[in-house]
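Report on the structure given below.
These numbers come from the heavy atoms of this one structure, side chains and all, not from hydrogens, waters or symmetry mates. Keep in mind it's a predicted model, so treat the numbers as computed, not measured.
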Amino acid sequence: MFQHIPPYAGDPILSLNEDFQKDPRPHKINLSIGIYFDDAGRIPVLESVRRAQDAVIAKGGPKPYLPIEGAANFRAAVAELLFGARHEVIATRRVATIQSVGSSAGLRVGADFLARHFPKSAVWVSDPSWENHRSMFEGAGLAVHAYPYYDAASGGLKFDAMLATLSGLPPRSVVLLHACCHNPTGVDLTRAQWERLIVLLRERELLPYLDLAYQGFAEGIEQDAYAVRALAAAGLSFLVANSFSKSMSVYGERCGALSVVCPDAAQAENVLGQLKFAVRRNYSSPPIHGGQIVATVLTDPALRALWERELSAMRERILAMRAQVHKVLTAKIAGRNFDYFLTQRGMFSYTGLSPTQVDRLREQYAVYLVRSGRMCVAGLNTHNVEATAVAMAAVLGA
């Protein structure tokens with residue numbers, strides 16, 4: 001019956017993580033998978049999340065199916081986090097928000113929605129982008145193309161080339177954008193660049209789709225929502241998928257959301273209905289537990305303040321690791337500018353290593369990076385950062 005089924009090649013990042021687990025070398029360093037680790041190399045349990053979970057468990061009660069769109073308190077808290085309390089799109093009820101099984105499910109539900117209601121629209125993703133973006137949209141039946149983004153020569157952004165490509169797209173083309181902490185490069189648009197891009201999106205009648213998986217890891221919770229709020233202020237319709245996996249360290253709880261900003265409340269109601277239809281055909285409804293932990297953290301003033309302090313400490317630790325890598329590489333390799341480690345933001349950096357150099361880094365030094373050269377800076381700590389930077393200098397200087 002199944003002899004015609006080909007083997008699965010495996011996800012490149014998850015497969016690399018499996019290889020790391022099998023590596024017997026005691027000094028091995030995993031900088032491949034996108035998970036935040038603390039200075040002891042452990043996935044942290046945030047105190048704000050622990051207290052919220054205790055409160056959720058203490059409340060007890062039955063475990064019914066949630067509504068298709070998710071819990072009302074979670075959805076309301078997400079909308080306020082993205083847009084700010086009392087924002088016009090919330091007050092006028094023109095944003096449709098669903099609770100999703102991680103932002104991955106939010107992205108895929110949005111893709112199914114677009115495939116059904118914008119069947120002639122193609123999706124444009126940055127070059128490069130998170131590997132699963134292309135798979136998700138292609139899996140929904142949409143054509144996917146790439147627009148220029150990362151400049152390998154400077155470690156920065158090909159902004160003019162990006163605008164030139166997007167200016168030639170037909171109306172209603174879908175443009176996938178990283179709201180902050182671009183994955184995999186760590187290269188973000190400046191606010192001035194966002195403003196120029198928004199003008200183009202509006203003039204060309206393009207449909208932005210924002211991925212916001214790292215809110216709080218660039219500058220702060222409010223600052224990292226800039227793109228979302230700027231698009232809303234400009235009167236654009238758009239989609240935004242967001243996640244709490246990294247910011248609350250609740251990876252396995254699969255807490256995410258998808259929001260669609262619409263021109264008016266009537267259209268938002270119809271969009272919400274069609275999002276529910278897409279969910280019903282997929283996973284039917286989201287789970288209770290993780291969503292209520294997130295909602296509790298976001299709506300309890302004391303827990304919210306504690307969470308923001310914890311997230312700030314996570315961000316500052318990543319910045320310290322960036323600075324240390326920059327310091328060692330600058331000292332080891334004279335005449336080469338490594339400032340891109342300081343300007344790139346969030347959990348990831350494009351190191352400038354070639355696939356061959358990445359292979360050598362893994363084989364000779366037991367340092368694991370994705371072959372594109374992407375490094376998860378959040379995997380560094382005071383115990384391994386020096387060894388990592390020295391190993392990188394060795395392969396870069398060879």
Side-chain angles (χ1 to χ4, degrees), residues 7-37 39 41 126-132 134 146 149-156 158 181-187 317-398:
Y8 173 47
D11 180 271
I13 297 176
L14 298 182
S15 296
L16 187 63
N17 190 57
E18 292 172 1
D19 292 340
F20 173 82
Q21 300 300 331
K22 299 174 185 176
D23 191 330
R25 291 174 289 184
H27 60 285
K28 62 184 179 180
I29 300 169
N30 190 2
L31 306 177
S32 60
I33 193 166
I35 292 178
Y36 177 88
F37 295 95
D39 197 56
S126 63
D127 179 21
S129 191
W130 179 48
E131 291 87 348
N132 216 22
R134 179 177 290 274
Y149 191 83
Y150 178 69
D151 184 358
S154 66
K158 292 181 177 178
C181 303
H182 184 272
N183 180 7
T185 69
V187 177
R317 199 188 75 76
I318 291 175
L319 289 173
M321 294 301 100
R322 288 185 176 278
Q324 186 62 21
V325 170
H326 175 267
K327 177 182 176 181
V328 173
L329 290 177
T330 301
K332 292 284 185 182
I333 304 178
R336 180 163 175 177
N337 188 350
F338 292 100
D339 287 353
Y340 56 88
F341 280 106
L342 304 177
T343 57
Q344 294 171 0
R345 310 195 305 173
M347 288 176 57
F348 302 111
S349 271
Y350 249 30
T351 59
L353 272 69
S354 68
T356 301
Q357 290 170 327
V358 170
D359 291 343
R360 186 182 169 205
L361 198 64
R362 181 184 66 254
E363 293 164 2
Q364 295 186 16
Y365 300 95
V367 178
Y368 281 70
L369 270 66
V370 181
R371 293 195 82 236
S372 64
R374 187 196 82 167
M375 175 174 67
C376 181
V377 187
L380 294 172
N381 55 58
T382 54
H383 310 287
N384 66 22
V385 64
E386 188 82 13
T388 297
V390 169
M392 289 174 61
V395 300
L396 282 168

| Pairwise distance CG(Asn384) to CE(Met321) - rounded to 0.5 angstrom | 8.0 Å
| When rounded to the nearest 0.5 angstrom, what is the spacing between CE in Met347 and CD1 in Ile33? | 9.5 Å
| message | Using side chain to side chain contact (heavy atoms under 4.5 Å, CB included), reason through Phe37 and Asn381 one step at a time and then give a plain yes or no. | response | CA-CA 8 Å; Phe37 295 95; Asn381 55 58; over 6 Å; no
| said: For Val325 and Val385: C-alpha separation, side-chain torsions, deciding distance, then whether side chain to side chain contact (heavy atoms under 4.5 Å, CB included) applies. | reply: CA-CA 7 Å; Val325 170; Val385 64; 3.8 Å; yes
| query | Do you know which two heavy atoms are closest between Val395 and Arg360, and how far apart they sit? | reply | CA-NH1, 3.6 Å
| field | Min side-chain heavy-atom separation Val367-Leu31 under 4.5 Å | value | yes
| request: Work out which heavy atom in Asp127 is nearest to a heavy atom in Ala146; give both atom names and the distance. | output: CB-CB, 4.0 Å
| request: Take Leu396 and Phe338, measure what side chain to side chain contact (heavy atoms under 4.5 Å, CB included) needs, and give me the verdict at the end. | output: CA-CA 12 Å; Leu396 282 168; Phe338 292 100; 4.0 Å; yes
| Gln344 and Thr185, any side-chain heavy atoms less than 4.5 Å apart | no
| Given side chains that start at C-beta, do those of Tyr365 and Val390 come closer than 4.5 Å, heavy atoms only? | no
| task | Take the angle between the ring planes of Tyr350 and Tyr150 and call it parallel below 30°, perpendicular above 60°, tilted in between. | result | perpendicular
| task | Measure across Arg371 and Thr356 and return the closest heavy-atom pair with its distance rounded to 0.1 Å. | result | NH2-N, 4.4 Å
| note | In short, Trp130 meets Pro184 closest at the heavy-atom pair N-CD, 4.0 Å
| His182 and Val187: which non-hydrogen atoms are nearest, and at how many Å? | CB-O, 3.1 Å
| Value rounded to 0.5 Å, distance of CZ in Arg362 from CG in Asn30 | 11.5 Å
| Between the side chains of Asn183 and Arg374, does any donor sit under 3.5 Å from an acceptor? | yes
| field | CD1 on Ile35 to CG on Asn17, rounded to 0.5 Å | value | 7.0 Å
| request: Could you tell me whether the side chain of Arg322 and the main chain of Tyr340 form a donor-acceptor pair under 3.5 Å? | output: no
| Rounded to the nearest 0.5 Å, how far does OG of Ser15 lie from OH of Tyr8? | 6.5 Å
| task | Identify whether NZ of Lys or CZ of Arg in Lys28 sits under 6.0 Å from the centre of the six-membered ring of Phe20 and within 45° of that ring's axis. | result | yes
| Any idea which heavy atoms bring Gly346 and Cys181 closest together, and the distance? | CA-SG, 3.5 Å
| query | Side-chain contact, heavy-atom cut-off 4.5 Å: Val370 with Met375? | reply | no
| request: Quick one: pull up CG in Leu329 and CG in Asn337 and give me the separation to the nearest 0.5 Å. | output: 11.5 Å
